[in-house]
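Okay, structure first, notes after.
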Amino acid sequence: DAGVTQSPTHLIKTRGQHVTLRCSPISGHKSVSWYQQVLGQGPQFIFQYYEKEERGRGNFPDRFSARQFPNYSSELNVNALLLGDSALYLCASSLGGLAGPGDTQYFGPGTRLTVL
Amino acid sequence: AQKVTQAQTEISVVEKEDVTLDCVYETRDTTYYLFWYKQPPSGELVFLIRRNSFDEQNEISGRYSWNFQKSTSSFNFTITASQVVDSAVYFCALRASSGTYKYIFGTGTRLKVLA
């Protein structure tokens, strides 16, 4: 079975631009989470979606938004890019629902965003 | 507050040596879950293990073993007879039973296994 897929793999943008990152979860998984990983740090939680509804939001500005589609894929949007947004953006999928907090998240390969 | 501390920034060992990666966590929840992930240079986080707070049994899987001790809030990871392919960054993560179910990651330990 295919794992979590993310696109694009790499992306270069300039300050002030907008970016959209995409994620397809593992088949059968209904929950998607997004994380930002700055070089040398652990991943930081941005959003979690389950059944197209936002389940949680991390400490990120409103420039960051996301949504989940009926097929459970997800998009992360970042507006007005800043240099500090340069990072690896990771998507994770999990069963969600009754699986509860023990639900294991499986991560995709990430999208490397560079803001110049 | 919930927090995960991985005090070891980088460890270098020679192949076939045993190595232990430390993880200390903080949470006020009585039910929580702990995880270890491996991040090779490709960037993808690879799931290794999940433990529940109410199950303190240690676990061994091949060359990997995990020592979970609630009394010291630690969840350490040992690789026996390390191999070059074990070289990666290893992350410990905590997920509480309350709140948004987000994972709280440590800062990671970079393991270098030298041939």
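Convention: sequence-line order gives letters A, B, ...; per-chain numbering from 1. Please read these numbers as outputs of a predicted model, since none were measured by experiment.
Note on A/Y106: it clusters hydrophobically with B/F35, by side-chain heavy-atom contacts below 4.5 Å among ILVMFWY residues. Placement of B/F68 and B/Y33 in two distinct hydrophobic clusters is found when ILVMFWY residues are connected by side-chain heavy-atom separations under 4.5 Å, directly or transitively. Both B/Y90 and B/L34 belong to a single network of hydrophobic side chains, linked directly or stepwise wherever heavy atoms of I, L, V, M, F, W or Y lie under 4.5 Å apart. Note: the hydrophobic cluster containing A/I46 also contains A/L83 (ILVMFWY, side chain heavy atoms under 4.5 Å, direct or indirect links). Residue B/Y32 is grouped with residue B/I104 when hydrophobic side chains (ILVMFWY) are merged at heavy-atom distances under 4.5 angstrom, including chains of intermediate members.
Atom CZ of A/R15 sits in a sparse spot, with 12 or fewer heavy atoms from other residues, nucleotides or ligands closer than 6.0 Å. No more than 12 heavy-atom neighbours from other residues, nucleotides or ligands sit within 6.0 angstrom of CD on A/E53. No more than 12 heavy atoms of other residues, nucleotides or ligands sit less than 6.0 Å from atom CG of A/N59. More than 12 heavy atoms of other residues, nucleotides or ligands lie within 6.0 Å of CD in B/E44, so this atom counts as buried by the packing criterion. More than 12 heavy atoms of other shown residues, nucleotides or ligands fall within 6.0 angstrom of atom CG in A/L116. For B/K16, the NZ atom is loosely surrounded, since the number of other residues' heavy atoms within 6.0 Å does not exceed 12.
In this structure, CZ on B/F47 lies 11.0 Å from CZ on A/F107, to the nearest 0.5 angstrom. Between atom CZ of residue A/R55 and atom NZ of residue B/K102 there is a gap of 15.5 Å, rounded to the nearest 0.5 Å. The structure places CG of B/L48 at 11.5 Å from OG1 of A/T104, a figure rounded to the nearest 0.5 Å.
Ranked by non-hydrogen atom pairs under 4.5 Å with chain B, the options A/G42, A/G110, A/G56 are led by A/G42. Between chain B and the residues A/S33, A/A92, A/G108, the most heavy-atom pairs under 4.5 angstrom are made by A/G108.
Heavy-atom distances place the side chain of B/Y37, and not its backbone, under 4.5 Å from chain A. With a threshold of 4.5 angstrom between heavy atoms, B/S42 approaches chain A through N, CA, C or O but not through any side-chain atom. With a 4.5 angstrom heavy-atom cutoff, A/Y35 touches chain B only via side-chain atoms. Both the backbone and the side chain of A/Q41 come within contact range of chain B, judged by heavy atoms closer than 4.5 Å. No part of B/Q6 comes within reach of chain A, as not one of its non-hydrogen atoms sits under 4.5 angstrom from that chain.
Listed by chain and residue number, A/R57 satisfy the side-chain contact (heavy atoms from CB on, under 4.5 Å) test with A/D62 (two or more places apart in sequence, or in another chain).
The shortest non-hydrogen separation linking A/L88 to B/G43 is CD2-O, 3.9 Å. B/F91 approaches A/Q37 most closely through the heavy-atom pair CZ-NE2, 3.3 Å.
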Exercise for review: List the steps, then state whether side-chain contact (heavy atoms from CB on, under 4.5 Å) holds for B/R95 with A/D103.
Suggested key: CA-CA 9 Å; B/R95 192 181 201 190; A/D103 197 16; 3.4 Å; yes
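B/Y103 places a side-chain N or O within 3.5 Å of a backbone atom of A/Q105 that can act as its donor or acceptor partner.
Heavy-atom proximity under 4.5 angstrom to chain B picks out nothing from residues 16-24 of chain A.
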